[in-house]
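One structure is given here, and the rest of the page talks about it.
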Amino acid sequence: MKTYIAFLRGINVSGKHKIPMAELRELCDGLKFEEVKTYIQSGNVVFKSELQNTSELEALIAKAIFKSFGFEVPVIVKTTSQLRDVLNDNPFESEDEIIRKQVYFVLLNEVPKVDELTTFKVQSYENEEFSISDNCIYLKCKAGYGKARLNNNLIERKLKVLATTRNYRTMHKLLELSN
């Protein structure tokens with residue numbers, strides 16, 4: 001069995017796409033996942049599965065959510081080692097940035113196409129810095145994510161990929177729960 005972390009995009013935000021965490025855990029238990037744990041209401045699930053393909057797991061979870069709750073939810077699944085790599089590659093690791101809650105991770109479901117990346121890399125946004133890896137965009141939002149122009153929706157639109165954003169604390173807590 002391998003440990004995975006599922007990141008659900010856009011649930012329990014502004015009263016839309018409500019999924020109680022107890023029901024999400026039940027749903028995952030019904031998918032034959034083991035040691036299912038959720039973390040906060042924004043849709044983070046740590047679980048073990050015999051399945052080895054993250055794309056299959058994403059589709060399985062998304063289909064089960066649609067069947068149970070009647071709406072589509074994009075799902076990104078990472079292994080513990082993938083999550084650890086994302087955190088280790090974070091270029092914004094100063095104590096000051098972390099204390100001020102300026103560091104965010106935009107997880108991508110696939111590597112963006114070269115043309116979109118090339119165009120995106122030359123963009124700049126006031127009070128915001130970013131760095132790009134294959135499966136994550138690291139954000140430093142000096143004025144906070146709530147005021148950031150470079151947000152999840154913009155990144156998805158510019159790069160034409162599915163993405164979901166989590167803060168520094170959530171990412172580290174999920175790694176802790178997955179170990």
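Contacts classified as salt bridge (Lys or Arg N to Asp or Glu O under 4.0 Å) and involving residues 58-73 (residues at least two apart or in different chains) are not found.
The number of heavy atoms from other shown groups lying within 6.0 Å of CZ (Arg149) does not exceed 12.
Rounded to the nearest 0.5 Å, atoms CG (Leu83) and CG (Asn88) are 9.5 Å apart. How far CD1 of Ile76 is from CG of Leu57: 13.5 Å, rounded to the nearest 0.5 Å. The line from NZ of Lys173 to CD1 of Ile40 is 11.0 Å long, rounded to the nearest 0.5 Å. Atom OG in Ser133 sits 7.0 Å away from atom CG in Leu108 (nearest 0.5 Å). Taking OH from Tyr125 and CG from Leu139, the interatomic distance works out to 10.5 Å, rounded to the nearest 0.5 Å.
Thr165 is not listed as a side-chain neighbour of Asn151, based on a closest heavy-atom distance of 4.5 Å or more. With a 4.5 Å cut-off on side-chain heavy atoms, Val86 and Lys78 do not count as touching. Looking at Tyr138 and Phe105, their side chains come closer than 4.5 Å, going by heavy atoms from C-beta outward. Taking 4.5 Å as the limit, some side-chain heavy atom of Thr80 sits within range of a side-chain heavy atom of Leu175. Here the side chains of Phe7 and Leu174 are in contact, with some heavy-atom distance below 4.5 Å. Contact check for Thr79 versus Lys2: side-chain heavy atoms found under the 4.5 Å cut-off.
Summarising the geometry of Leu87 relative to Met171, their closest heavy-atom pair is CD2-CB, 3.6 Å, with the distance given to 0.1 Å. Shown here for Phe120 and Ile137, the closest heavy-atom pair between the two residues is CE2-CD1, 3.9 Å. The heavy-atom pair separating Thr119 from Gln123 by the smallest distance is O-NE2, 3.4 Å. Heavy-atom minimum distance, Ile65 versus Leu8: CD1-CD2, 3.4 Å. Nearest heavy atoms, Val46 versus Ser178: CG1-CA, 3.7 Å. Counting all heavy atoms, side chain and backbone alike, Thr3 lies closest to Lys48 at OG1-NZ, 3.3 Å.
In this structure a side-chain-to-backbone donor-acceptor pair under 3.5 Å is present from Gln52 to Glu50. Of the possible donor and acceptor atoms, none in the side chain of Gln102 sits under 3.5 Å from a partner among the backbone N and O of Lys140. Checking side-chain atoms of Asn152 against main-chain N and O of Ala163 turns up a donor-acceptor pair under 3.5 Å.
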Which is it for Leu60 and Glu56 under the side-chain contact (heavy atoms from CB on, under 4.5 Å) test, yes or no, and what are the steps along the way?
CA-CA 6 Å; Leu60 185 66; Glu56 277 181 46; over 6 Å; no
Self-check item: Stepwise side-chain contact (heavy atoms from CB on, under 4.5 Å) test for Gln41 and Met21
Solution: CA-CA 7 Å; Gln41 297 297 312; Met21 293 301 99; 3.5 Å; yes
task: Go through the steps for Lys113 and Lys160 under the test side-chain contact (heavy atoms from CB on, under 4.5 Å), then give the verdict.
output: CA-CA 8 Å; Lys113 291 186 173 89; Lys160 298 180 177 129; over 6 Å; no
- Message: Ile11 vs Phe69, test: side-chain contact (heavy atoms from CB on, under 4.5 Å). Steps then yes/no.
- Response: CA-CA 11 Å; Ile11 68 162; Phe69 298 99; over 6 Å; no
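Hydrophobic clustering (ILVMFWY, side-chain heavy atoms < 4.5 Å, transitive): Leu162 and Val45 are in distinct clusters. Using a 4.5 Å cut-off between side-chain heavy atoms of Ile, Leu, Val, Met, Phe, Trp and Tyr, with links allowed through other members, Tyr104 and Leu150 fall into the same hydrophobic cluster. Val106 and Leu159 fall within a single hydrophobic cluster, where Ile, Leu, Val, Met, Phe, Trp and Tyr are joined by side-chain heavy atoms under 4.5 Å apart, directly or via other members. At a threshold of 4.5 Å between side-chain heavy atoms, the hydrophobic network of Ile, Leu, Val, Met, Phe, Trp and Tyr places Leu117 and Leu154 in one connected group. Each of Val111 and Ile155 belongs to its own hydrophobic cluster when Ile, Leu, Val, Met, Phe, Trp and Tyr are linked at side-chain heavy-atom distances under 4.5 angstrom.
The only member of Leu107, Ile61, Asn109 that meets side-chain contact (heavy atoms from CB on, under 4.5 Å) when paired with Val77 is Ile61.
Ring centers of Phe66 and Phe71: at least 6.0 Å apart, outside the cut-off.
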Taking distance alone, no hydrogens or angles, what donor-acceptor pairs closer than 3.5 Å link side-chain atoms of residues 23-39 to residues at least two apart or in another chain?
{"unit_1": "Arg25", "atom_1": "NH1", "unit_2": "Thr38", "atom_2": "OG1", "d": "2.5"}
{"unit_1": "Lys37", "atom_1": "NZ", "unit_2": "Leu177", "atom_2": "O", "d": "2.9"}

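Under 4.0 Å is where a charged nitrogen must lie from a carboxylate oxygen, and between Glu126 and Lys142 no such pair does.
For Asp85, the side-chain contact (heavy atoms from CB on, under 4.5 Å) test picks out no residue, with sequence neighbours left out.
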